[in-house]
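Take a look at the structure set out below.
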2 protein chains.
Amino acid sequence: MRVPPTTLPAEPTHARRFGKARTAQASAVLEDYAELIADLLASEGEARPTDIARRLGVSHATAIKAISRLKREGLATARPYRGVFLTEAGERLAARVRERHRLVVDLLVALGVPAEAAEQDAEGIEHHVSDATLAAFSRFLKAR
Amino acid sequence: MRVPPTTLPAEPTHARRFGKARTAQASAVLEDYAELIADLLASEGEARPTDIARRLGVSHATAIKAISRLKREGLATARPYRGVFLTEAGERLAARVRERHRLVVDLLVALGVPAEAAEQDAEGIEHHVSDATLAAFSRFLKAR
DNA sequence: TGATATTTGTAGCCTAGGCTACATTTTTCG
DNA sequence: CGAAAAATGTAGCCTAGGCTACAAATATCA
Ligand SMILES: [Mn+2]
Ligand SMILES: [Mn+2]
Ligand SMILES: [Mn+2]
Ligand SMILES: [Mn+2]
């Protein structure tokens, strides 16, 4: 049957949007680990694989593999039985991610989302917020 | 060294947040497919695997495998060389996802995010927006 | 009609990110 | 000190979601 193609030749626009979302997803896990490690280092003085695993709700084996990936990407180092540390790059990433997380939560709360729902949604949303959107959130919070 | 555990016994709260984000991510792909198939059916009268793949920016083999998963989950049916169709459940999902997508884009645009950035970010954000947040978005758009 | 082009399907490979089970190392404490 | 507990690490398995390469079916059109 295949009706005449009215308008759908290459559609690079939609494809690019989905591709961006996929890329963002790929970095989401590492971002969460970096943010969490920074938090634990700040609040506890150290970031042990076991604590990281418990906070993320995954097995310690899963956490250790992710930490290996962080090391491979040059974001973290680890001393056995001494915990995980962030490299310069890891700290920069963590700082950026923490700030972004805070901004997303603040915006949701400002729009009337209950605190716990805001925290929960932000945990996923944060990884898909571009700089342009982040700037818009910031403007809104400042202006209201 | 292991300083005395000040406060971090079980931490089920953080774990639950991360877990929710992981769950949301798991359904993201199927949601996008359902939404896209509904769009293609509406605008072109049919949804061919090849067109789906092009719009998503993936190989046709990838699209076909995802379509198999849709079928397995009871969300779609397919007639070879006739394209893909949505079941009742698939249509309900698509309708919900489309509405949610629109609302997220509208909110971002209302906050001053440029149109294309809004579309791009929404493609990822939409999968992490709870009903509570959705309601807040809706209220904001109505009230301003 | 029959050759060619397109579409669809299959096979096999890869990585990320989960898991459990088991092994090893380090800490803790009686 | 030495045994028990805890933490860390390793091995092996699974699924989702990508890919390329090849095979088969269908459509198109000269
Ligand atoms: Mn997160
Ligand atoms: Mn976060
Ligand atoms: Mn999407
Ligand atoms: Mn969408």
Side-chain angles (χ1 to χ4, degrees), chain A residues 1-5 8-9 15 18-34 36-37 40 44 46-73 75-85 124 127, chain B residues 1-5 8-10 15 18-33 36-37 40 44 46-73 75-85 124 127:
Chain A
M1 206 135 302
R2 204 80 248 259
V3 289
L8 73 171
F18 287 111
K20 281 272 178 67
R22 280 193 297 271
T23 300
Q25 195 49 44
S27 41
V29 169
L30 293 192
E31 290 181 351
D32 282 339
Y33 273 84
L36 173 54
I37 290 167
L40 287 172
E44 309 297 325
E46 58 179 12
R48 299 297 189 98
T50 297
D51 295 332
I52 294 169
R54 184 175 47 233
R55 280 278 284 267
L56 290 173
V58 299
S59 73
H60 81 277
T62 295
I64 286 173
K65 272 213 276 190
I67 291 165
S68 297
R69 216 170 326 119
L70 282 173
K71 291 191 274 190
R72 198 207 312 152
E73 308 267 337
L75 296 169
T77 59
R79 303 212 314 275
Y81 294 85
R82 277 288 148 76
V84 183
F85 304 90
H127 308 286
Chain B
M1 206 135 302
R2 204 82 245 264
V3 287
L8 72 171
F18 287 112
K20 281 272 179 66
R22 280 193 297 271
T23 300
Q25 195 49 44
S27 42
V29 169
L30 293 192
E31 290 181 352
D32 282 339
Y33 273 83
L36 173 54
I37 290 166
L40 287 172
E44 309 297 326
E46 59 178 13
R48 300 297 189 98
T50 298
D51 295 332
I52 294 169
R54 183 176 46 231
R55 281 277 283 267
L56 290 173
V58 298
S59 74
H60 82 275
T62 295
I64 285 173
K65 272 213 278 190
I67 291 164
S68 298
R69 215 170 326 120
L70 282 174
K71 289 191 274 189
R72 197 207 314 154
E73 307 267 338
L75 296 168
T77 59
R79 304 212 312 277
Y81 294 86
R82 276 289 148 75
V84 183
F85 304 90
H127 308 285

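So that the names make sense, note that chain A is the first sequence line, chain B the second, and so on, each numbered from 1. All heavy atoms count here, side chains included; hydrogens, waters and symmetry mates do not.
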For [X], what residues pass the side chain to side chain contact (heavy atoms under 4.5 Å, CB included) criterion, not counting sequence neighbours?
{"X": "A:Leu56", "answer": "A:Tyr33, A:Leu36, A:Ile52, A:Val58, B:Phe18"}
{"X": "B:Ala61", "answer": "B:Ser59"}
{"X": "A:Thr77", "answer": "A:Phe85, A:Thr87"}
{"X": "A:Tyr81", "answer": "none"}

Polar pairs (N or O, both sides) under 3.5 Å between protein and nucleotides 20-25 of chain C?
from	atom 1	to	atom 2	distance (Å)
C:dT25	O2	A:Tyr81	OH	2.8

- request: Indicate whether any N or O donor in one side chain lies under 3.5 Å from an N or O acceptor in the other, for B:His127 and B:Gln25.
  value: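 No, no side-chain donor-acceptor pair sits under 3.5 Å.
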
Does a nitrogen or oxygen in the side chain of [X] sit under 4.0 Å from OP1 or OP2 of [N]?
{"X": "A:Arg54", "N": "D:dA7", "result": "no"}
{"X": "B:Thr50", "N": "C:dT8", "result": "yes"}
{"X": "B:Arg48", "N": "C:dT7", "result": "no"}

Closest contact, heavy atoms only, A:Pro49 versus A:Ala63: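 Of all heavy-atom pairs spanning A:Pro49 and A:Ala63, the closest is O-CB, 4.0 Å.
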
- prompt: Between B:Glu46 and B:Arg48, is the closest basic N to carboxylate O distance under 4.0 Å?
  reply: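 Yes, charged N to carboxylate O under 4.0 Å.
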
task: Could you say whether A:Pro49 or B:Glu73 is positioned toward the 5' end of DNA chain D, judged by the nucleotide with the nearest heavy atom to each?
output: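 Result of the comparison: A:Pro49.
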
field: Nearest-nucleotide 5' precedence on DNA chain D, B:Pro80 against A:Pro80
entry: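 Checking each residue's closest nucleotide, the 5'-ward one belongs to A:Pro80.
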
message: Without decimals, in angstroms, what is the distance between B:Ile67 CD1 and C:dG9 P?
response: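 Taking CD1 of B:Ile67 and P of C:dG9, I get 8 Å after rounding.
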
- request: May I ask you to list the residues of residues 22-34 of chain A, by number, that have any heavy atom positioned under 4.0 Å from an atom of DNA chain D?
  value: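 Per residue number, the list reads A:Arg22.
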
task: Taking the side chain as every heavy atom from C-beta outward, state whether B:Asp51 and B:Glu44 have any atom pair closer than 4.5 Å.
output: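 Contact flag for B:Asp51/B:Glu44 side chains = no.
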
task: With the side chain of B:Val58 defined as its heavy atoms from C-beta on, choose the nearest nucleotide among D:dA16, D:dG18, D:dT8.
output: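 Comparing D:dA16, D:dG18, D:dT8 against the side chain of B:Val58, the answer is D:dG18.
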
message: Please pick, from C:dG9, C:dT27, D:dT8, the nucleotide with the shortest atom-to-atom distance to any side-chain atom of A:Arg82.
response: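 Among the listed nucleotides, the one closest to the side chain of A:Arg82 is C:dT27.
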
